Amino acid sequence: MNSSRKSARNASEVYIAVFQYVVAMAFLWLLAGFWQLQVQTRQIYVERADRNRIKSLQIFAPRGKILDRDGRVIVDNSPSHKVLLSRAFHDTDLLQIIAGGLNIPFERLGASLKRLETSNTPAYQAVILKENLSHAEVAFVEAHRSQLPDLELIRSHRRLYPRGGLASHVIGYVGEVSDAELDQDTFMFYEPGAEIGKAGIERSYNDILTGTDGRRLIEVDSLGREQTLFGTVKPKAGRSLRITLDLDLQVVAELALEGKKGAIVALDPRNGEVLALASRPTYDPNKFVGGISADDWRQILQDPEVPMLNRAIQAQVAPGSVFKAIVALAGGETGLLDDDFTVSCSGGAPFYRRYFRCHLAKGHGPVGLLQALAQSCNVYFYTLGNKLGIDRIAEYAELAGLGRPTGIDLPHEEGGTVPSAKWKLRRYHEKWYSGETISVAIGQGALTVTPLQVAFAIGGIAMGGVWHRPHLVAYEDLQELRPRFEPPDPIEIELNQHHLKTIRQGLWAVVNGGGTGGRARIAGYDVCGKTGSAQRASTQFKEGNDDPALKDTAWFVGFAPCEQPELVVAALFEGGEHGYLAGPMVRDVIKSHLDKKVRTHWANRRSTPSSSAGAAHPVAGAAAWGRQAP
């Protein structure tokens, strides 16, 4: 019996020991859990708790303004509202209410949220449902705060662009960053829903114009209602950007293109600054603010006039007789042209078993370079081009900047085409035939250029062999905004100045000496220029066909003053047929520039009492500006 009692006591002691060990282990396990919660991972759970009771609201930073060269505002901002919704929100009935109150088609709203479900953004991150809310839509959100706590109303800034599409191809527009753009290095630090520049200056200088968003930390109750403001991180506005565009010249250029299809580019050949860049037809960038509607986007895409095409840097068309100035340059630099070189024009000439006509049926008679440029004699340049050959023509065309993008600080610039024997072999696997050179010599054939390239090329010739890269932000301003920026060096070529003087005299005679560009003449000022008419179809094909798309393209390029140019303007008039009809477009822009210079000069004189009454004329004296041949 004592033995059985002893056994029972031993068993009880074992049970008690096991229980003690179990309790001790449980205590240690709980202690380890508390250690992990309170010490090791305390911050994680604090953040989770704060996320449940603290709401972080984004404060959108305004983009920087865009100003013209005189500091006048081109693009501004106005106060607006955006509405955001949590990605995790899936209440279909409430979505119906939201869609109705915000005037968003329910199908589009559902599709947007479904698309975002597949993205890499966190589930708790809010997405923008709509921007630029109306007063009624703002009132709807405010009235449904308790019912829709996941709906957030955020103050923002709406981009304001000039009406009528003024300078739209230069300025561009903003829009929501796409998934494809988020994968690019340029936008890798942007969040979905962020607003970025999509085209033009807005795109090229997005890093400067974009500000840094701020945050508001707010304590909310279980229903999402705001209770206490914890703090605010103020947003930092984007920096304003002053561009080289002159609004006065831009407006004149746009008016000159009213009702037409084409482009006008005005450059300062001394430094490459773009003073005007107009393209028509145009579009209204305000429609893109906050997201363009499907109907508006469809209308733009289906417009046969292609309003989104920036013809100033993207229209690639034959230059016509404007190209003769470059052929003349090639002739002089290769030694084929001298003061005694003349050609007899009887209205046409045979080359390679084909007869090539001049634009003047009765012919120009014996002509030298000066008269050939002034009267735009085709036969003279047929003959010169035939002597040069395609490869030497291509060499000097490329030297003048054709056949490649100029490097202007706008996206999607096209480079045009300068044909050569190697080019044709590489592209078509065919040899170049000498007869093809005849057409290229007068700016036809496979040769294509953009209006910007024409202004750039002729500007460099006018400057005596110095080509400055076109740009829309002054280099000194850009060096302040981007400290690592290094201005590109101009291209300088040593050219025969005696021959250049003859070319300049011929271009002066085009406008002032009874040449083809008399409509570009400005009384009292010294203007040089060149007309051009480029065929879009053969004369035989156009017979009996009234299709406007087949009409010749009209060109005119001019610069002033002839001896010391400070402005070069190129105009493209699609369907204009005759180059002299593009002359007044260039004339108006040049005259606007010169008149403004005079006004500025006299305004400065009036504001400076000590200025001498016998000071020089504001337009650099009669020798530079008078109507005399250079």
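Just so it is clear, the values below take in all heavy atoms, side chains as well, and ignore hydrogens, waters and symmetry mates. Model, not experiment: these values are computed from the prediction.
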Ring-ring centroid check Tyr580 Phe573, cutoff 6.0 Å: no
Can you tell me if Arg404 has over 12 outside heavy atoms packed within less than 6.0 Å of its CZ? yes
Flag if over 12 foreign heavy atoms under 6.0 Å of CD, Gln479: yes
Minimum-distance pair of heavy atoms, taken over all atoms of [X] and [Y]:
{"X": "Ala421", "Y": "Ile390", "answer": "N-CG2, 4.1 Å"}
{"X": "Gly262", "Y": "Leu257", "answer": "C-CD2, 3.9 Å"}
{"X": "Pro319", "Y": "Ala534", "answer": "C-CB, 4.4 Å"}
{"X": "Leu166", "Y": "Glu254", "answer": "CD1-CG, 3.5 Å"}
{"X": "Thr450", "Y": "Glu414", "answer": "CG2-O, 4.0 Å"}
{"X": "Trp508", "Y": "Cys562", "answer": "CD1-SG, 3.8 Å"}

In Å and rounded to the nearest 0.5 Å, what is the [atom1] to [atom2] distance from [X] to [Y]?
{"X": "Asp248", "Y": "Arg599", "atom1": "CG", "atom2": "CZ", "answer": "6.5 Å"}
{"X": "Leu495", "Y": "Leu399", "atom1": "CG", "atom2": "CG", "answer": "6.5 Å"}
{"X": "Ser439", "Y": "Gln535", "atom1": "OG", "atom2": "CD", "answer": "9.0 Å"}
{"X": "Leu373", "Y": "Cys528", "atom1": "CG", "atom2": "SG", "answer": "11.0 Å"}
{"X": "Leu452", "Y": "Asn310", "atom1": "CG", "atom2": "CG", "answer": "9.0 Å"}
{"X": "Leu337", "Y": "Thr342", "atom1": "CG", "atom2": "OG1", "answer": "11.0 Å"}

Is it the case that [X] and [Y] place a side-chain donor and acceptor less than 3.5 Å from each other?
{"X": "Thr437", "Y": "Trp432", "answer": "yes"}
{"X": "Tyr352", "Y": "Asn386", "answer": "yes"}
{"X": "Thr406", "Y": "Glu413", "answer": "yes"}
{"X": "Ser168", "Y": "Thr282", "answer": "yes"}

Is the backbone N or O of [Y] less than 3.5 Å from a side-chain atom of [X], with the two atoms forming a donor-acceptor pair by type?
{"X": "Ser533", "Y": "Gly579", "result": "yes"}
{"X": "His468", "Y": "Arg270", "result": "yes"}
{"X": "Tyr396", "Y": "Ala328", "result": "no"}
{"X": "Gln444", "Y": "Ile438", "result": "no"}
{"X": "Gln316", "Y": "Thr417", "result": "no"}
{"X": "His359", "Y": "Ser376", "result": "yes"}
{"X": "Asp409", "Y": "Leu472", "result": "yes"}
{"X": "Glu273", "Y": "Ala474", "result": "no"}
{"X": "His499", "Y": "Asp338", "result": "no"}
{"X": "Asn512", "Y": "Val527", "result": "yes"}

Does a side-chain N-to-carboxylate-O contact under 4.0 Å join [X] and [Y]?
{"X": "Asp70", "Y": "Lys596", "result": "yes"}
{"X": "Glu333", "Y": "Arg392", "result": "no"}
{"X": "Arg298", "Y": "Asp295", "result": "yes"}
{"X": "Glu258", "Y": "Arg280", "result": "yes"}

Qualifying residue for side-chain contact (heavy atoms from CB on, under 4.5 Å) with Lys424, from His429, Lys431, Glu430: Glu430
Using side-chain heavy atoms (C-beta onward) and a distance below 4.5 Å, is [X] in contact with [Y]?
{"X": "Trp555", "Y": "Pro451", "answer": "yes"}
{"X": "Val557", "Y": "Leu507", "answer": "no"}
{"X": "Tyr173", "Y": "Ile292", "answer": "no"}
{"X": "Val274", "Y": "Leu267", "answer": "yes"}
{"X": "Ile522", "Y": "Arg587", "answer": "yes"}
{"X": "Pro488", "Y": "Tyr475", "answer": "yes"}
{"X": "Arg311", "Y": "Glu574", "answer": "yes"}
{"X": "Trp467", "Y": "Ile461", "answer": "yes"}

Derivation of the side chain to side chain contact (heavy atoms under 4.5 Å, CB included) call for Lys324 and Asn378: CA-CA 9 Å; Lys324 291 174 181 176; Asn378 287 345; 2.6 Å; yes
Determine whether His498 and Asp339 satisfy the following criterion, side chain to side chain contact (heavy atoms under 4.5 Å, CB included), listing intermediate values before the conclusion. CA-CA 10 Å; His498 172 74; Asp339 295 340; 3.3 Å; yes
Give the C-alpha distance, both sets of side-chain angles, the deciding distance and a yes or no for side chain to side chain contact (heavy atoms under 4.5 Å, CB included) between Val170 and Ile74. CA-CA 11 Å; Val170 177; Ile74 302 175; over 6 Å; no
Between Arg519 and Leu581, is a side chain to side chain contact (heavy atoms under 4.5 Å, CB included) present by the stated rule, with each step listed? CA-CA 8 Å; Arg519 296 192 182 191; Leu581 295 178; 3.3 Å; yes
Step by step, work out the disulfide (SG to SG under 2.5 Å) result for Cys358 and Cys377. CA-CA 7 Å; Cys358 188; Cys377 177; 4.3 Å; no
